[in-house]
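First up is the structure itself, then whatever we jot down about it.
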Amino acid sequence: MVRDKKNILITAPSSIIGRNMIHRALRNEELFNVYVGQRNYMSRENVMYRTLDFHQTFTFKDALKNIDFVFLTVPENFSTFKKENYENFLQACKLSGVKKVVLLSVHKANSIWFMPLQQVEKLLINSTLNYSIIRSTVFMQNILRYYQVDIETQKKVNIPNFNVKVNWIDASDVAKVLLNAMHDIDFLLNKTVEITGLENRDFMEVTAKLSASTNQDFQYKVGLPKFIKKLPVIDRLVFTILSIYYFILGAPTPTNTFEALTGRPPRRLNEFIMRNLSVLMPDKAKNTF
């Protein structure tokens, strides 16, 4: 790989946003040397592997060697999160000469005191590192992450409250903003921004879109999705509390921030569904971008 490219480290490469970051970065291979940091992620062509475990601080130094920019998010569930691990990681970033840390957070993270992301936001802002914090609304890809088992086995979308409006954004669009912040150190330097999609849709509307696009009879049902039911009790409780909180808070008013930053509007929910018909139909492929 060419040395004058920017060396970027992508944490949580198996997450929705991690996969989309890698996918987009490889499309711009003239700009980035892509390193992924996770304890069990297998390397592939044009992606280099670094062992990184946030619960094992001794992995930090080697993972950050010669890295210019770090993409950081917090994929852990509430039950496994430890604030001091991220504090130690940010300290390691400083010692390793990382030029900037780009953090993905979520809408209104600053108002939810028990959220791990709120704590990591504060750590990053107070760290003296260069940073950008991008808060996004709900990924369209979560429809498949949280509800795919229900969709495949029961043709149902199980949700805590189907009347709640949600602002939907494509993770690929969010990855575009994040990579812009990693390519240009001055882009959103030491700033926090919130980006939204164009549409606020409740789950009844999402279910109707799924049915119309696939010519299948999808239904909605009040309850926890099977994906969530497999989590520890504390994580199921947090998921339910957050669902109630966002129901009370309401969906954000869509903004033009994404278009102002990138020069084009964000993708719509229909586009995402049509792009992933192969996953929603019986003969399904598992990769979604």
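Heavy atoms only: backbone and side chains are in, while hydrogens, waters and symmetry mates are out.
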Under 3.5 Å donor-acceptor, Asn20 side chain and Ile16 backbone: yes
Residues Glu84, Lys82: salt bridge by 4.0 Å N-O rule: no
What pair of heavy atoms forms the shortest contact from His183 to Lys6, and how long is it? O-CE, 2.9 Å
Pairwise side-chain contact, Val101 with Val98, heavy-atom cut-off 4.5 Å (strictly under): yes
As an exercise, state the distance from CD1 of Ile22 to OG of Ser15, rounded to the nearest 0.5 Å. 8.0 Å
Of the non-hydrogen atoms in Asn190 and Leu129, which two are nearest, and what is the gap between them? OD1-O, 3.9 Å
Leu269 CG to Met274 CE distance, which is reported to the nearest 0.5 Å: 12.0 Å
Check: Lys65/Ser96 side-chain N/O donor and acceptor closer than 3.5 Å: no
Which distance, rounded to the nearest 0.5 Å, do you find between the CD of Glu121 and the CG of Leu72? 11.0 Å
Judged by atom type as modelled, is there a donor-acceptor pair below 3.5 Å linking the side chain of Ser105 to the main-chain atoms of Ile134? no
So, for Phe69 and Phe32, is the gap between ring centers shorter than 6.0 Å? no
Minimum heavy-atom separation for Glu194 to Asn110, with atom names? OE2-OD1, 4.4 Å
Any side-chain donor-acceptor pair under 3.5 Å between Arg24 and Ser172? yes
Heavy-atom pair of closest approach, residues Lys100 and Ala181: NZ-O, 2.9 Å
Exercise: identify the closest heavy-atom pair between Ile10 and Met21: CD1-CB, 3.9 Å
Quick one, Met115 with Val106, criterion side chain to side chain contact (heavy atoms under 4.5 Å, CB included). Give me CA distance, side-chain angles, the key distance, then yes/no. CA-CA 10 Å; Met115 281 194 71; Val106 296; 3.5 Å; yes
Does atom NZ (Lys209) have a neighbourhood of more than 12 heavy atoms from anything else shown, all under 6.0 Å? yes
Quick check against the 3.5 Å criterion: does Ser213 have a side-chain atom that pairs as donor or acceptor with the backbone of Leu210? no
Sequence neighbours excluded, the answer for ring-ring contact (aromatic ring centres under 6.0 Å, His included) partners of Phe89 is Phe54, Phe60
For the atom pair OG1 (Thr51) and CZ (Phe58), what is the distance rounded to the nearest 0.5 Å? 8.5 Å
Heavy-atom check, side chain of Val74 versus side chain of Gln119, under 4.5 Å: no
Close side-chain approach of Lys83 and Leu123, heavy atoms under 4.5 Å: yes
Does some side-chain heavy atom of Val206 sit less than 4.5 Å from a side-chain heavy atom of Trp168? yes
Hey, could you give me the CG/NE2 distance between Asp53 and His55, rounded to the nearest 0.5 Å? 6.5 Å
Within one Ile-Leu-Val-Met-Phe-Trp-Tyr cluster: Val70 and Leu95, side-chain cutoff 4.5 Å: no
Check whether any side-chain heavy atom of Phe258 lies under 4.5 Å from a side-chain heavy atom of Asp173, and answer yes or no. yes
Minimum-distance pair of heavy atoms, taken over all atoms of Pro252 and Thr137: CG-CG2, 3.7 Å
side-chain hydrogen bond (donor to acceptor under 3.5 Å, both in side chains) with Asp170: which of Lys176, Arg268, Gln141? Gln141
Treat each ILVMFWY residue as a node, draw an edge where side-chain heavy atoms are under 4.5 Å apart, and state whether Phe81 and Leu103 are in one component. yes
Test item: Ser127 side-chain N/O and Leu90 main-chain N/O as donor-acceptor pair under 3.5 Å: no
Is there a side-chain contact between Ile195 and Val174 in this structure, where contact means two heavy atoms from C-beta onward sitting under 4.5 Å apart? yes
Main-chain N/O of Asn180 paired to Asp184 side chain as donor or acceptor, under 3.5 Å: no
So does Ala92 get a backbone contact from the side chain of Lys61, meaning a donor-acceptor N/O pair under 3.5 Å? no
Are side-chain N/O atoms of Asn33 and Asn7 paired as donor and acceptor at under 3.5 Å? yes
Val166 side chain near Arg201 side chain, heavy-atom distance below 4.5 Å: no
Quick one: which of Ile17, Ile133, Val177 gives a side chain to side chain contact (heavy atoms under 4.5 Å, CB included) with Leu104? Ile17
Can you measure from CG (Leu31) to CG (Leu179) and round to the nearest 0.5 angstrom? 9.0 Å
Leu198 reachable from Val193 in the ILVMFWY side-chain graph, under 4.5 Å edges: no
I want to check something: taking the side chain as every heavy atom from C-beta on, are Asp68 and Ile8 in contact at a cut-off of under 4.5 Å? no
Can you hop from Leu26 to Met182 via hydrophobic side chains spaced under 4.5 Å? yes
Counting distance only, does the side-chain N/O of Arg135 pair as donor-acceptor with the main-chain N or O of His107 below 3.5 Å? no
I'd like to know if Lys165 pairs up with Glu205 as an ion pair, taking the criterion as any Lys NZ or Arg NE/NH1/NH2 lying under 4.0 Å from an Asp or Glu carboxylate oxygen. yes
Around atom NZ of Lys191, are there more than 12 heavy atoms from other residues, nucleotides or ligands closer than 6.0 Å? no
